[in-house]
2 protein chains.
Amino acid sequence: MRKREGNKEQAILNAAIKVFAQHGYHRAKISSIADHASVATGSVYLYYKNKESILLTIFDQLWTELTDGLRIIVKRSDIDPSQKLDLVIDKLFDLFIANPALASVFVNEQHHLIKDKRGDIAKQYDDFLDLAEEIIREGVRKKIFNADVDIKIFRHFITGGIRSVLRQWSEHSQTLTLQRLRQNVKYFIKHGLL
Amino acid sequence: MRKREGNKEQAILNAAIKVFAQHGYHRAKISSIADHASVATGSVYLYYKNKESILLTIFDQLWTELTDGLRIIVKRSDIDPSQKLDLVIDKLFDLFIANPALASVFVNEQHHLIKDKRGDIAKQYDDFLDLAEEIIREGVRKKIFNADVDIKIFRHFITGGIRSVLRQWSEHSQTLTLQRLRQNVKYFIKHGLL
DNA sequence: ATGAATAATGAATCATTATTCAATAATAAT
DNA sequence: ATTATTATTGAATAATGATTCATTATTCAT
């Protein structure tokens, strides 16, 4: 028998994140992903059914990680909802500091997957938002947060805003520090413009 | 001589908006756009150089319209910056009420154009944001708006948030009324969560 | 009516790339 | 060392769909 050497599966995934980030999903070539992973073109198909399933796997892992982290934050009873919100934002930013290419894929490519029903990415995204919603509801219940905002709308607004800011950063990282971005987002969500 | 009958150019553009909205830019087929416009496949190329230039034209017209509208709002001296902000949001929402498919293309497809330098879509977007920034600056100067928010970051956050909310609406228009969306966005931008 | 002149057609072409698969290489078991 | 088994390769194939272009249709000027 022969064993698989190294971790080609992960190498291909990392390569795909890089290539998707640089060229966008549709322009990305399997052969280029294979090159980046130091693997033959055909080997990609030993580990992934097709191109789309690579993107699917990226988002699956990403949402799993984000949701697991969020679940822990939601449960905590030692901090108030406002602090929880800060931690969620930190979680997002930390992940993308560690992997800027992933940030770019995250902000730009998810809608390819949501339109088709294949995979459960849309569901995972909803689950994440549902969980985040609990923090807001806790805040409203404890009269810390403003009750006038529609939570369903709010949660989409926030995630969209954060995505947009991250996209900007992923394309012009020189002009903005993530640190500054992070502070501003936290502040703005709570206080608004007035 | 023979004249061009009807307005095929516009018919193709409208068809493209529909098809791009439904399938996304990359999955959209020229032949399908031609069908929707009741025109032969080849005719598309009488009016547009290639597929990308169709998308380019859509965004060019869109940003021109939005920027023209914004310019008028910015100039007004009879209303305060807070009201101006409301009008900008109204402007966006009105446009997309009139044409939901355009909203979907707007929120999902712009990044195809920004990465490449072809066309000046990125510049038009920047111009729009610069103009919007003037409203915020006016508000800060008049002490109506909070001076602690970084305007550059803020403007990306807002547009991203609005996009996200519109995307949600364009995919599930039954559950949310745009009216409600609009009010919430206006309120939230100003007051935040606390 | 006739014939330039231009518009429109859509099947054929071309280019691009995802995917396959026959051949080869590497490993483990005997 | 030999063989069986599985992994890997990358050139060949297949599929897709954008673009072209030879042909046909329509309009207008005379």
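We use all heavy atoms of the structure for the numbers below, so side chains are in, but hydrogens, waters and symmetry mates are not. Numbers restart at 1 for each chain; the letters A, B, ... are given by sequence-line order, proteins then strands.
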Could you state the atom-to-atom distance from CD1 of A/Ile30 to P of D/dA14 in whole Å? 19 Å

From the list D/dT9, C/dA8, C/dA18, which nucleotide is the closest neighbour of the side chain of A/Val39? D/dT9

With respect to the phosphate group of D/dT9, does any side-chain polar atom (N or O) of A/Ser43 fall under 4.0 Å of OP1 or OP2? yes

In whole angstrom, what separates B/Glu9's CD from C/dA7's P? 12 Å

Among D/dT8, D/dT19, C/dT19, the nucleotide that comes nearest once only the side chain of A/Thr41 is considered: C/dT19

Tell me, yes or no, whether the heavy-atom count around A/Lys186 atom NZ, taken from other residues, nucleotides or ligands under 6.0 Å, exceeds 12. yes

Check this for me: does any side-chain nitrogen of one of A/Lys142 and A/Asp80 sit under 4.0 Å from a carboxylate oxygen of the other? no

Between P of C/dT6 and NZ of B/Lys8, the distance in whole Å: 17 Å

Would you mind telling me which of C/dT17, D/dT8, C/dA8 lies closest to the side-chain atoms of A/Lys29? C/dT17

Using whole Å, what does the distance between atom C1' of nucleotide D/dT19 and atom CG of B/Leu46 come to? 12 Å

Rounded off to whole Å, could you give me the OH-to-P distance for the A/Tyr48 and C/dT19 pair? 14 Å

When you get a sec, tell me which of C/dA8, C/dT19, D/dA18 is the closest nucleotide to the side chain of B/Lys51? D/dA18

Less than 4.0 Å between a side-chain N and a carboxylate O, is that true for A/Arg182 and A/Asp94? yes

Starting from C1' on D/dG17, measure out to CZ on B/Phe20 and report it in whole angstrom. 13 Å

For the pair made of CG in A/Asp35 and P in D/dA11, what is the distance, rounded to whole Å? 12 Å

Nearest to the side chain of B/Ala40, heavy atoms from C-beta on, is which of C/dG10, C/dA8, D/dT9? C/dG10

Does the pair A/Asp127/A/Arg71 count as a salt bridge with the N-to-O cut at 4.0 Å? no

Do NZ/NE/NH1/NH2 and the carboxylate oxygens of B/Lys91 and B/Asp68 come within less than 4.0 Å? no

Can you tell me how far P of D/dT9 sits from OH of A/Tyr47, to the nearest Å? 9 Å

Would you say a side-chain N or O of B/Tyr45 is under 4.0 Å from OP1 or OP2 of C/dT9? no

